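See below for the structure under consideration.
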Amino acid sequence: MTTYDHGTRDVGPPPSQPSATPAGPVASTTPAASQPPQPLAASAGPAAPDGRQAARPQATGGSRLARAWRGRPEDPRWARPALWALLAVTTVLYLWSLGASGYANQFYSAAVQAGSESWKAFFFGSSDAANSITVDKPPAALWPMALSVRLFGLSSWAVLVPEALMGVATVGVLYAAVRRRFSAAAGLIAGAALAVTPVAALMFRFNNPDALLCLLMVSAVYCVLRALEDARTKWLLLAGVCFGLGFLTKTLQAWLILPPLAVVYAVCAPAKFGRRIGQLLLAGLAMVVSGGWWVAIVELWPASSRPYIGGSQHNSFLELTFGYNGLGRINGNETGSVGGGGRGGGGGGGGRWGETGIDRLFGSDMGGQIAWLLPAAFILLAAGIWLTWRAARTDTRRAAFLVWGGALLMTFATFSFMSGIFHQYYNIALAPYLAAVVGMGAALLWERRNEGGRAGSAASAVLAVTVAATAYMSYVLLGRSADWHPWLRWAVLIGGLAAAAGLLLTARLGRKAALAAAGLGLAAGLAGPVAYTLNTVDTPKRGSIVTAGPSVAGGMGGPGGGFPGGGRMGGPPGMQNGRQGAGQQGQGQGQGNQQGGQAQQGQGQGGRQGMPGGGTGGGQPGGQNGFPGGGQSPQNGKGNAQGQRQGQGQNGRPGMLPGGGMGEGGRRGGGMGGLLDGQQVDAKTEAKLERNADDYTWAAAAIGSQNAASYQLATQKPVMAIGGFNGSDPSPTLAQFKEYVKQGKIHYFISSGTGMGGGPGGGQGASSQITSWIEATYKKVTVGSTTLYDLTQKSSASSKSSASSKSSKSSD
């Protein structure tokens with residue numbers, strides 16, 4: 001096998017002279033400085049003897065604008081215009097019809113609104129401007145959106161445009177990272193693969209923390225790769241800063257890829273071993289400082305004058321970091337989460353969040369989000385490492401495969417076997433890693449096929465196998481939505497197999513025919529994810545749990561997202577394979593006991609069996625894009641309506657948790673529906689809450705952050721989220737709430753119906769105690785479809801009881 005032997009120092013021509021054209025490959029036994037390596041593909045440009053790009057010749061003449069358009073002097077003329085075209089198309093794709101998603105995840109949008117009104121709420125990531133409780137994540141992801149809202153006012157676009165721009169930036173940074181070691185074509189393939197990965201298109205148009213986290217992780221990898229070129233400490237320090245900011249975005253998930261990156265640098269960096277270790281320690285210090293300053297302030301700040309740390313049970317961010325948001329995600333012990341702490345039951349290593357195993361990400365719920373290019377990435381990663389295995393220790397092309405491949409494998413393994421909360425959209429973390437590996441591997445094999453002989457034939461064969469495997473994977477994934485463009489899966493399969501055959505015959509074909517076969521293979525490989533992405537872009541997304549692409553058989557994909565209870569996702573004990581019954585695509589129904597013991601059913605077209613609760617999923621008119629369970633009803637979604645309700649939501653799904661059915665048009669009501677998606681606030685309720693709101697610290701209080709967020713976004717007045725996201729946080733306690741009411745700080749309590757008291761499934765937590773006390777003490781007011789309790793007026797029964805008690809004491 002022909003290999004490259006690279007030295008440890010950058011060697012390039014003087015800046016004023018063009019680089020010399022490198023010679024061909026040499027055996028690994030050749031001294032490092034004797035010959036430079038074979039050049040990259042035609043677009044790669046000159047390379048130094050150690051495999052790094054040589055110094056660029058200085059441009060002579062021409063404006064900066066012309067240089068920006070032209071790119072590197074050694075690049076082909078099409079390279080930089082192609083990059084700008086990729087970024088322009090990505091921008092349009094991510095901004096297209098963005099406002100249709102409204103406030104997307106209202107849980108975070110409410111915190112953004114609060115941060116735009118209060119700098120204290122901005123700093124802590126509070127759910128409301130009065131700082132009652134924080135979101136269950138650190139606040140870095142909220143800061144860009146909150147600044148945008150401060151500048152442009154509260155709107156869907158002000159919230160979501162920063163996320164879309166982060167997606168475009170991520171594609172650009174990924175291109176730059178891949179381009180430095182490989183060809184411009186490799187960078188373009190990687191960037192395009194990331195841009196059209198369905199889960200990436202989903203989350204770069206959504207306001208969860210994942211968009212910023214993805215950008216920071218790609219930037220961290222870029223910095224590590226730059227540090228691997230010449231062991232400059234500054235690049236490693238910048239990588240540490242990216243990891244620190246990543247921690248402030250989504251806590252320990254940001255550090256998931258740290259081990260492989262640190263090991264690769266310790267082994268492959270062009271410096272003495274002691275220096276490498278010292279640099280890694282400095283980078284670790286930079287990471288701790290850039291991520292730890294906020295944690296230190298929060299932990300040292302008096303708890304009485306800061307908001308409660310949402311998601312924790314003892315008002316501690318460290319508890320949140322290592323428990324509910326940290327190790328609990330791995331072992332399933334997530335006290336305070338949906339369904340409580342501890343691992344859920346389930347066969348095959350599964351729990352309430354689905355079966356674990358090596359095939360998890362290829363399953364019905366996950367496959368359409370991320371699995372399109374996973375087989376290709378694994379094949380090309382193995383090929384890339386094999387082809388560069390005998391290179392020198394400091395070879396940067398091999399280091400690139402180890403860095404991107406290590407990040408891919410570490411993330412894939414964690415997601416495949418973690419037992420805690422796991423949602424389909426988490427897979428965006430894999431998207432840049434697999435895209436980079438695909439771009440690099442395809443470019444390296446295409447370069448090798450030009451060598452001819454056995455090496456060229458072997459490279460052509462691997463490329464052909466990769467294209468065929470990708471086409472078959474797309475055929476399988478598209479087949480899960482049998483009624484959705486059924487012709488597409490056959491076109492992809494036939495096109496992919498034809499391209500694979502062409503690549504196998506590449507030695508007998510001319511250059512144009514070989515390029516045509518490669519182009520056909522690329523088109524066939526990306527056709528499936530492009531179709532899913534276009535469907536995702538065209539469908540509004542709202543709620544806490546969203547998925548990309550159309551509905552799939554045996555899963556919970558489609559406009560409304562998913563949740564345990566469908567397909568491979570596990571459900572509560574007694575569920576059949578995570579679903580009630582054996583419903584396929586078509587009509588599914590869930591049944592559950594409602595308030596007063598009345599049975600209620602909900603049916604949704606295109607729905608699948610769910611957890612108890614009834615009603616169709618969908619937060620938009622037509623039932624698109626919401627979360628099942630608890631719909632708008634004449635009783636504000638309390639779920640106590642008699643008989644049967646039927647929701648007509650397109651591609652809706654049955655209710656997943658106790659709390660009632662879905663009403664006409666997919667409007668959300670209270671109950672557990674309010675746990676994972678907000679409600680639509682009618683004009684009368686909005687006007688009622690806004691009246692005299694400035695006389696109170698909180699215009700209202702509601703159980704659960706999503707319930708509170710809906711009313712806060714409608715009125716732009718602080719609404720207290722009792723119990724935090726799940727309604728299970730002990731904030732405030734009953735005694736604290738009574739004191740707030742006594743001081744006249746809260747005007748109304750918004751009834752959420754059954755299912756939310758004390759967290760999921762009810763219980764005797766603080767939320768349940770507060771609800772019971774309010775219902776027994778204060779006057780109920782029905783406004784439109786909403787039930788409020790006026791905390792300034794006690795009910796007649798409570799007044800009589802109080803008067804009787806006073807009379808009894810007087811007689812004594």
Side-chain angles (χ1 to χ4, degrees), residues 102-163 206-209 212 248-249 294 297-298 301 303-312 315 317 320 542 544 674 677-679 681 686 689-690 693-727 729 731-732 740 745-748 750:
Y103 291 123
N105 190 342
Q106 295 190 15
F107 173 59
Y108 292 115
S109 291
V112 168
Q113 183 273 331
S116 71
E117 298 286 340
S118 162
W119 285 114
K120 185 175 182 180
F122 177 93
F123 177 80
F124 285 106
S126 301
S127 291
D128 63 87
N131 294 288
S132 62
I133 193 170
T134 71
V135 298
D136 58 359
K137 301 288 188 300
L142 302 174
W143 291 341
M145 293 183 283
L147 292 174
S148 174
V149 172
R150 276 186 177 267
L151 288 174
F152 303 108
L154 180 64
S155 70
S156 175
W157 284 85
V159 172
L160 297 179
V161 166
E163 307 299 285
F206 208 70
N207 61 330
N208 279 23
L212 178 59
L248 291 182
T249 301
W294 184 87
I297 292 174
V298 171
W301 197 297
S304 59
S305 66
R306 63 161 170 79
Y308 186 92
I309 303 301
S312 73
N315 200 11
F317 182 78
L320 175 67
R542 296 182 184 173
S544 295
D677 193 6
Q679 307 181 47
V681 180
E686 181 181 338
L689 295 177
E690 288 177 341
D694 293 337
D695 296 338
Y696 301 87
T697 304
W698 292 277
I703 304 296
S705 295
Q706 287 284 11
N707 280 328
S710 300
Y711 297 95
Q712 180 171 306
L713 290 169
T715 63
Q716 298 192 39
K717 304 295 182 183
V719 177
M720 177 185 290
I722 299 173
F725 182 84
N726 298 310
D729 297 344
S731 171
Y740 291 144
K745 291 186 175 183
I746 308 173
H747 195 179
Y748 293 105
I750 304 168

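FYI, side chains are in, hydrogens and waters are out, and symmetry mates aren't considered; it's all heavy atoms of this structure. As the structure is a prediction and not an experimental result, all values here were calculated from the model.
For the pair Leu154 and Val112, the minimum side-chain heavy-atom distance is 4.5 Å or more. Between Trp698 and Tyr748 there is no side-chain heavy-atom pair separated by less than 4.5 Å. With a 4.5 Å cut-off on side-chain heavy atoms, Tyr696 and Lys745 do not count as touching. Residues Lys137 and Thr134 fail the side-chain proximity criterion, which asks for heavy atoms closer than 4.5 Å. Between Val719 and Asp128, the closest side-chain pair of non-hydrogen atoms is not below 4.5 Å.
Remark: Trp301 pairs with Phe124 by the ring-ring contact (aromatic ring centres under 6.0 Å, His included) rule, at least two apart or across chains.
Leu713 contributes atom CG, which lies 5.5 Å from atom CD of Gln106 (distance to the nearest 0.5 angstrom). Interatomic distance, CD of Glu686 versus CD of Gln716, reported as 9.0 Å (0.5 Å rounding). Separation of atoms OH (Tyr108) and OG (Ser705) is listed at 10.0 Å; rounding is to 0.5 Å. Annotation: the span from Leu142 atom CG to Asn207 atom CG amounts to 8.5 Å, rounded to 0.5 Å. Rounded to the nearest 0.5 Å, atoms CG (Leu212) and OG1 (Thr249) are 4.0 Å apart.
No hydrogens or angles considered: a donor-acceptor pair under 3.5 Å links the side chains of Gln706 and Asn105. Side-chain contact of Ser312 with Asp729: a donor-acceptor pair under 3.5 Å is absent, judged by distance alone. If you check the side chains of Thr715 and Glu690, you find no donor sitting under 3.5 Å from an acceptor.
In terms of modelled atom types and a separation under 3.5 Å, the side chain of Gln712 and the main chain of Ser127 share a donor-acceptor contact. Looking only at distances, a side-chain donor or acceptor of Ser148 sits under 3.5 Å from a matching main-chain atom of Ala158.
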